Visitor: 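Shown below is the structure under consideration.
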Protein chains: 4
Amino acid sequence: MSEPGPGHNTVAADQLKSIIERVERLNEERKQLLDDVNDVFAEAKGNGLDVKALRTIVRLRAMEPNKRAEQEAILDLYKHALGMLV
Amino acid sequence: MSEPGPGHNTVAADQLKSIIERVERLNEERKQLLDDVNDVFAEAKGNGLDVKALRTIVRLRAMEPNKRAEQEAILDLYKHALGMLV
Amino acid sequence: MSEPGPGHNTVAADQLKSIIERVERLNEERKQLLDDVNDVFAEAKGNGLDVKALRTIVRLRAMEPNKRAEQEAILDLYKHALGMLV
Amino acid sequence: MSEPGPGHNTVAADQLKSIIERVERLNEERKQLLDDVNDVFAEAKGNGLDVKALRTIVRLRAMEPNKRAEQEAILDLYKHALGMLV
DNA sequence: CGGACAAGTTTGCCAC
DNA sequence: GTGGCAAACTTGTCCG
């Protein structure tokens, strides 16, 4: 006999369907939020602001917390890099 | 003297601040949703499913049928030219 | 006295410097080669070829046949389960 | 009539083959360089150095030139973002 | 539509 | 050998 119903080599279609649809649902929400972001920028542009500069500012601000920690850690990094030789 | 407290020229700065913060707020929500997606895939992986294949399915389903067929046609054309197919 | 000119403790620092610079040198060469690859694809595009398909071909050829067949099998399995194939 | 020899709808197999092989050749060189980098780190590790810290240092040093420019540009960015309102 | 910029996906490496 | 972190590659989007 060969594969009637859920057997080996078969995937639970329901489970698969559920996963895919959950992800697709989440992706729709993500797309909606992306549209919202673009709306904000479009409105800003309508007010005479420079959208490219705004995007850059957002990006830089997202980086800064990490950079702070990096700068504080850099000397320690060199020490560790020098390992037991220090 | 210029700019003690909320004066005429803070308008632009306030507007800028508002835009940046709105976008950052939206980006946080986007990151949350991305985490959710990854959680779903992680759970699927725990159930023995192949995450890479799942991502491919999601991508294919999101693709317009025409685009998809077109891409496959070009690929087959090149494969034939290279003897990678009969 | 401590560290005037090349003394006993500069050994570690020199070693560190040497390692970092060797890696950075190699990374520059890597970047150059990446640029070369992109140049080839850009030229191909100029000749009317589809770069995306070309990249796919390169990826498929780099893949071990077994792996490739395995990936396709899983994908087909999922597609069937979802009714995306006959 | 149906495509004998190089006709429309056909790809110049020689051209295709040449492109693919050039890219594959470059990719081999890239892989070789990546191996070289790993060799340097492996040797460093053998000398008691902390490879993870070394990698971090390389990464930070690669970022710094960009950061310099960013810091110099950030105020200008705000000015541009404020556009004609300034 | 072409080039730049950003997002997402994949791969590789190190620690456990 | 698995899982998390970081780098690299690919794809998509947006502005000019």
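All chains are named by letter (A, B, ...) in the order of the sequence lines, taking the proteins before the strands, and each is independently numbered beginning at 1. For clarity, every value in this text was computed on a predicted model and none was experimentally measured. Excluded from the calculations below are hydrogen atoms, water molecules and symmetry mates; all remaining heavy atoms, backbone and side chain alike, are included.
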Visitor: Between E/dT9 atom P and B/Asp35 atom CG, what is the distance in whole Å?
Guide: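 In whole Å, E/dT9 P and B/Asp35 CG are 13 Å from each other.
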Visitor: Axis-to-axis angle across the helix from E/dC1-F/dG16 to E/dC16-F/dG1, five pairs an end, to 10 degrees?
Guide: 10°
Visitor: Given the rule in the side-chain contact (heavy atoms from CB on, under 4.5 Å) test, do B/Met84 and C/Arg61 qualify, once you have shown the distances and angles that lead to the verdict?
Guide: CA-CA 9 Å; B/Met84 292 175 72; C/Arg61 281 166 58 111; 3.8 Å; yes
Visitor: Using a 4.0 Å heavy-atom cut-off across all strands, classify C/Leu34 as base, sugar-phosphate, or nothing.
Guide: sugar-phosphate
Visitor: Using whole Å, what does the distance between atom C1' of nucleotide E/dT9 and atom CG of C/Leu75 come to?
Guide: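 Going from C/Leu75 (CG) to E/dT9 (C1'), I get 15 Å.
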Visitor: If we ignore hydrogens and angles and just use 3.5 Å, is the side chain of C/Tyr78 paired with the main-chain N or O of B/Asp50 as donor and acceptor?
Guide: yes
Visitor: Tell me the interatomic distance from D/Lys45, atom NZ, to E/dC14, atom P, rounded to whole angstroms.
Guide: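 These atoms are roughly 7 Å apart.
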Visitor: Nearest nucleotide by nearest heavy atom, which residue falls closer to the 5' end of DNA chain E, B/Arg59 or D/Phe41?
Guide: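 Residue closer to the 5' terminus by nearest nucleotide: B/Arg59.
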Visitor: Measuring from the side chain of B/Lys52 (C-beta onward, heavy atoms only), which nucleotide among F/dA8, E/dC13, E/dT10 has the closest atom?
Guide: E/dT10
Visitor: Is the phosphate of F/dT13 approached by A/Asn38 (side-chain N or O, under 4.0 Å from OP1 or OP2)?
Guide: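 No, outside the criterion.
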Visitor: What is the distance from atom CG of B/Leu33 to atom CD of B/Glu28, rounded to the nearest 0.5 Å?
Guide: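 The CD atom of B/Glu28 is 12.5 Å from CG of B/Leu33, to the nearest 0.5 Å.
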Visitor: What's the shortest heavy-atom distance between A/Arg30 and A/Asn27, and which atoms?
Guide: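 Taking A/Arg30 first and A/Asn27 second, the nearest heavy atoms are NH1-OD1, 3.0 Å.
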Visitor: As an exercise, state the distance from CG of B/Asp39 to CZ of A/Arg22, rounded to the nearest 0.5 Å.
Guide: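 Reported to 0.5 Å precision, the distance equals 9.5 Å.
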Visitor: Establish, from distance only, whether the side-chain atoms of D/Gln32 and D/Asp36 form a donor-acceptor pair under 3.5 Å.
Guide: yes
Visitor: Just how far, in rounded Å, is P of F/dT10 from CZ of B/Arg55?
Guide: 17 Å
Visitor: Using atom CG of A/Leu54 as one end and atom C1' of E/dC5 as the other, report the distance to the nearest whole Å.
Guide: 15 Å
Visitor: In whole angstrom, what separates D/Leu26's CG from F/dA8's P?
Guide: 17 Å
Visitor: Whole angstroms only, please: what is the CD1-C1' distance between A/Ile57 and E/dC5?
Guide: 16 Å
Visitor: Spell out, as yes or no, whether a donor-acceptor pair under 3.5 Å connects the side chain of D/Asn47 to the backbone of D/Leu49.
Guide: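 No; zero donor-acceptor contacts below 3.5 Å.
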Visitor: Quickly work out the B/Asp50 CG to E/dT10 C1' distance and round it to whole Å.
Guide: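 The answer, rounded to whole Å, is 13 Å.
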